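Single-structure report; data block below.
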Protein chains: 4
Amino acid sequence: MPNPQGNQPLIPPRPRPGARAAKAAARRDAILTAALDEFSAKGFASARLDDVAQRAGVAKGTIYLHFRDKEALFQELIRSTLVPLVGRLETIGEIDLPTRTLVERIVDVFVDEVFGTRRKDVIRLIIAEGPRFPQIAEFHYREVVSRAITALRGLMRRAIERGELSGDILVRFPQLVVAPVLVAIIWSGLFDRFESLDVRSLMRAHLDLLFGEPS
Amino acid sequence: MPNPQGNQPLIPPRPRPGARAAKAAARRDAILTAALDEFSAKGFASARLDDVAQRAGVAKGTIYLHFRDKEALFQELIRSTLVPLVGRLETIGEIDLPTRTLVERIVDVFVDEVFGTRRKDVIRLIIAEGPRFPQIAEFHYREVVSRAITALRGLMRRAIERGELSGDILVRFPQLVVAPVLVAIIWSGLFDRFESLDVRSLMRAHLDLLFGEPS
Amino acid sequence: MPNPQGNQPLIPPRPRPGARAAKAAARRDAILTAALDEFSAKGFASARLDDVAQRAGVAKGTIYLHFRDKEALFQELIRSTLVPLVGRLETIGEIDLPTRTLVERIVDVFVDEVFGTRRKDVIRLIIAEGPRFPQIAEFHYREVVSRAITALRGLMRRAIERGELSGDILVRFPQLVVAPVLVAIIWSGLFDRFESLDVRSLMRAHLDLLFGEPS
Amino acid sequence: MPNPQGNQPLIPPRPRPGARAAKAAARRDAILTAALDEFSAKGFASARLDDVAQRAGVAKGTIYLHFRDKEALFQELIRSTLVPLVGRLETIGEIDLPTRTLVERIVDVFVDEVFGTRRKDVIRLIIAEGPRFPQIAEFHYREVVSRAITALRGLMRRAIERGELSGDILVRFPQLVVAPVLVAIIWSGLFDRFESLDVRSLMRAHLDLLFGEPS
DNA sequence: GATGAATGAGGGTTCATTCAT
DNA sequence: TATGAATGAACCCTCATTCAT
C-alpha cells in the first residue's frame, strides 16, 4: 500500500512518498535484529525490551507499533528465520547428481548459512524456549522439520534405489542424517571455550560414516 | 500426643537420633525435586520460587535455609544429576565384551536412566540455560562431557584394535556416537506431540549404522 | 481537543517548551519532599518507598526514574539541603559590623532557616543515620562542618583583634559557639512534648555568656 | 525469687541450685551487651536478632525467653544504662565544695563513665531512635533529663548565692552547661575520622567560658 | 530452659506495557 | 508516527517470630 498522495508539495521536510513505508520496514528489521541479539544472549524471559530498543536505535514504545507484545516479537523473529532454508533443501533434493554430492552441498549450506550466521542462535532459541511456546514448536514442526524430514527421506530413498546406500535405516530415521548438526550447535554454545569443534570436519566424518569414505 | 508404643522405653520422646538431619535432607530433596519441575517447565528466569516452595510443601523462606539463592538452587540441581552416570559409562568401558554389546548396554542405560527419568529434563536445561551460566557449562564439560568423550574414545580405539570397527572416525569424533541422543531429547521436548520418535529403535538403528547390522 | 486559544499560532499544541523538563523537576522535588517526610518520621531503614511514592503522588516505579535506589534518594536528599546555608554563614562573616551583631544575625538565620523549617529534620537525620552512611558524614564534614568551623574561627579571631572578645577559647573550639544549636534540635525532637524550649531565648542567653550581656 | 528446691540430689549434671538463675542472668546480660553492639552499629531497624544471638553466644530463640520482642530488648537496653549516672550527678551536687570543682568532677565522670564507655553509644541511640520510640523519650525525660536539669539548676543557683557565678543565665538554661557534651558525642560518631576532638580539653574550655579561667 | 529450623509477611527493585505529547 | 515518562504487578530475598524437639 504505497502512499497515494501524489502531490503534497507543502510538506517539505518529509522524504519522498514511499520512503515512509521504507523507513518503517527498516525500523522493523532493526528491531528484529536487535531482538535476536538480546534474546540469544539472555533468553526470552531475561531479555529486556529496553535493551532491544536501545540496540535498534528506537524508543521503547516504537516496538509496540510493530509488534503486539514481547512474545509476538519473539515469535515473529523465530518464525521468519529458518523457513527460507527449507526451500533450499527441497530444491537441492531435486537436482540429479550423486547423493553424496547433494548431501555435501546441504552440509555446505548448513555450515555457511546456519552455522556461520545468526540462524544458529535461532535454532538454539527454539531448542531452549520451544517447550514454553507451543506455537513455535508447532510452526517449526509444520514448516521446517516435517518438510526437511520429508525431503531427506526422499533423498535417501532415491539413494537406495540408485544403489548408493544399502539398508533403509536412513529412510526410517532421516533424523540420523542431521543429528551431528545439533551436536555442533549445542557444542558451540556451551563448550567451544574449552575445546573447539571443527564443524566442517565433523560433518564430513559423519558423511563418511553414512556413505562410506570416498575412494 | 505422647508416643503410644509402650515398649520402646529407651528411646526418648523424640524420634531416632539423626531424624532431624534426615528430615532436613528430605526437605532439601523435596525442594530440589520441585525445583526441577518448575525450572523444566518454565526455564530458570520464569520459574517462581513461590511455586517451588509450594510444590515442595515448604514455606518460601525454607528454600533459603538450604540454598543461598535462586541461582545456587539451580546450579546445585544441575550439578548433582548427571555426574553419577558418567561413572557408569566409564565402568562399562572396562568390561571385556564385544564393543557392540557394551555400546548397547550404554544405550540401555541412557534410555532407562536418562530418557525415562527427569534427567532428560536436566539435559534440556543445560542446553537451554547453559549459555547464561558459564559455571554450569564449565562444570559439565569438566565432569561429564570430557570424561564421557574420553571413555567413548577409549572404547572406540579398542574396537578398532579388535577389528570390530574400521576407520578412526569415531575416535576422532566420539561425539558422533551420542549425537542421536541429543536428537531424541530435543525431539521429545518439542515434537513428540506431532510425531513420536521411538528412542530405542532410533538408537538401535544408529548402532547399526556405526557397527553394521548384526547378522 | 485542539488548543482553542485562537491567537497563539506560534506555540505548538503542546505546553510551553520545557514544560516536560519542568514537570520532571517538579516530580523529583515532590519525591524529595515526600522522602524527607518519611525518612524523618521513620528513619532510613523503616521508611517505605511505597509510602514515599504515595505521598509524592507518583507510582513506586517513578522514584527509580529519578534515583538509583533508596540509598541514593536518601543521600541526595541529605546532600542538597544544608550546603546553601554555609554560603550564608560565610557571607555574614565578611560584613563589617560588631561581632555580636553578626553572630546574632547568624542565630536568626539558624532559627528562621533551619529550626523553623524541614532542615532541622535533615540535621536530625544526619545525626541519626550518619554513622551508617560514611559518605554522608564525609560530605558534610567537607562541605558544611569544616567550612562553618573555619568561618566561625575567622569571626572569633577578628573579634579578639577588635577587643570584642577576650581569650582564645572560641578560636580553639568554635564548636562551643554552635553547641546549643544541637541541644535545641535534639531537645525539640525528643522532649518538647514535656517541656518546651524557647530556642531564640536559649541562643540569646548563650550569646550573653560568650560576649557578655549587652548593657 | 530464689530457686526454692532445696534438695534435688537426683539431678546431678546440673550445677548447684541458684547457679541456674545466675546463668540465666549472665545470659541476659550477654544478650544486652550484644544488642548494644548491634543496635549501635546498625540502628534499631537494621540490627538483626540473628547477629545479636550469635554475638551473645546463644540461640535466636533464647532472646525471646528474656525479652518479649525486639523492641522490648531495645527499650530495656536503653532504659537500664543511664539512670545510675543521674544518681551520681545528684550526689555530687550535695557536696560542699566550690562549684567549679564540682562541675569539674561532673565533667570527669562524664568523660570517664560515658564518653569512655558504651554509654556514649546509648546516648547516640536515644538521639537517633528516640523520635520513633515515645516511651523511650518519655522515660529519659522523666528519669534522666529532668532530674539532671534540676540538679544542675540547683547547683547553679547555689553558685550564684555563693558569688561564684554572676547572672542567672545558667539557672534559666542549665542545658547550656551540658551542650558541649552533645557536640562531643555527635562529633565523635561522625567526624572523628577527619578531625579528632579532644573531649577533655573541649569541656575544660567550656568551663572556663562559664566560670572564667582559673587564675 | 534452650535450640534453631521453619514460617510468611513485607519491601526494594525490575520491567512489560500504556499513553500524553 | 515516534517518543519515553509513568505505571504497577510481580518476584526475590530478609528477618522477626514461633514452636517442635
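In the text below, chain A, chain B and the rest are named by the order of the sequence lines, each starting its count at 1. Quick caveat: nothing in here was measured; it's all calculated off a predicted structure.
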Task: Proximity of C:Phe74 and C:Phe67 rings by center, below 6.0 Å - done: no
- [ ] For A:Glu38 and A:Arg48, indicate whether the former's side chain and the latter's backbone hold a donor-acceptor pair under 3.5 Å.
- [x] no
- [ ] Measure the distance from CZ on C:Phe44 to P on E:dG11 and round it to the nearest whole Å.
- [x] 14 Å
Task: Interatomic distance where CD belongs to C:Glu71 and C1' belongs to E:dT13 [whole Å] - done: 15 Å
Open item on the list: Strictly below 4.0 Å: does C:Arg68 bring a side-chain N or O up to OP1 or OP2 of E:dG12?
Closed with: no
Open item on the list: Assuming nearest nucleotide by heavy-atom distance, tell me which of D:Ala45 and C:Gly57 is located more 5' along DNA chain F.
Closed with: C:Gly57
Open item on the list: Applying salt bridge (charged side-chain N to carboxylate O under 4.0 Å, His left out), can you list everything that pairs with D:Asp29, at least two apart in sequence or on another chain?
Closed with: none
Open item on the list: Between the base of F:dT17 and the side chain of D:Lys60, is there a donor and acceptor pair under 3.5 angstrom?
Closed with: yes
Open item on the list: At less than 4.0 Å, is any side-chain N or O atom of B:Arg27 found next to OP1 or OP2 of E:dT7? Yes or no.
Closed with: yes
TODO: Name the closest nucleotide to the A:Tyr64 side chain, picking from E:dT14, E:dT18, E:dT3.
DONE: E:dT18
Open item on the list: As an exercise, state the distance from CG of D:Leu32 to CZ of D:Arg118, rounded to the nearest 0.5 Å.
Closed with: 11.5 Å
Task: Side chains of B:Gln75 and B:Ile78 in contact at under 4.5 Å (non-hydrogen atoms) - done: no
Open item on the list: Output the rounded distance in Å from CG (B:Leu73) to P (F:dC12).
Closed with: 11 Å
- [ ] Examine F:dT1: is either OP1 or OP2 under 4.0 Å from a nitrogen or oxygen in the side chain of A:His66? Give yes or no.
- [x] no
Task: Sugar-phosphate only, base, or nothing, as touched by D:Lys70 at under 4.0 Å among non-hydrogen atoms - done: sugar-phosphate
Open item on the list: Mind checking if A:Leu65 touches a base, just sugar-phosphate, or nothing, with heavy atoms under 4.0 Å?
Closed with: base
- [ ] Grab the NZ-P distance between B:Lys23 and E:dG4 for me, whole Å please.
- [x] 16 Å
Task: B:Gly61 or C:Ala47, whichever maps to the more 5' nucleotide of DNA chain E - done: B:Gly61
Open item on the list: Would you say C:Arg48 places a side-chain N or O within less than 4.0 Å of OP1 or OP2 belonging to E:dG10?
Closed with: no
TODO: Provide, to the nearest angstrom, the distance between the CG atom belonging to D:Asp50 and the P atom belonging to F:dT17.
DONE: 12 Å
Open item on the list: From CD of A:Gln54 over to P of F:dT3, roughly how many Å is that when rounded to an integer?
Closed with: 13 Å
Open item on the list: Can you tell me the base-pairing partner of F:dT21? Count Watson-Crick or G-U wobble geometry only, both distances below 3.5 Å, and say none if there is no partner.
Closed with: E:dA2
Open item on the list: Which nucleotide wins on minimum distance to the side chain of B:Asp69, given the candidates F:dC13, F:dA16, F:dT7?
Closed with: F:dC13
- [ ] Take the protein atom CZ of D:Phe67 and the nucleotide atom P of F:dT18, then report the distance between them rounded to whole Å.
- [x] 16 Å
- [ ] Let me know the distance between CZ of C:Phe74 and P of E:dG11, rounded to the nearest Å.
- [x] 18 Å
Task: Pairwise 5' ranking along DNA chain E for B:Thr62 and C:Ser46, keeping only the more 5' one - done: B:Thr62
Task: A:Leu73 side, atom CG; A:Leu49 side, atom CG - distance, nearest 0.5 Å - done: 7.0 Å
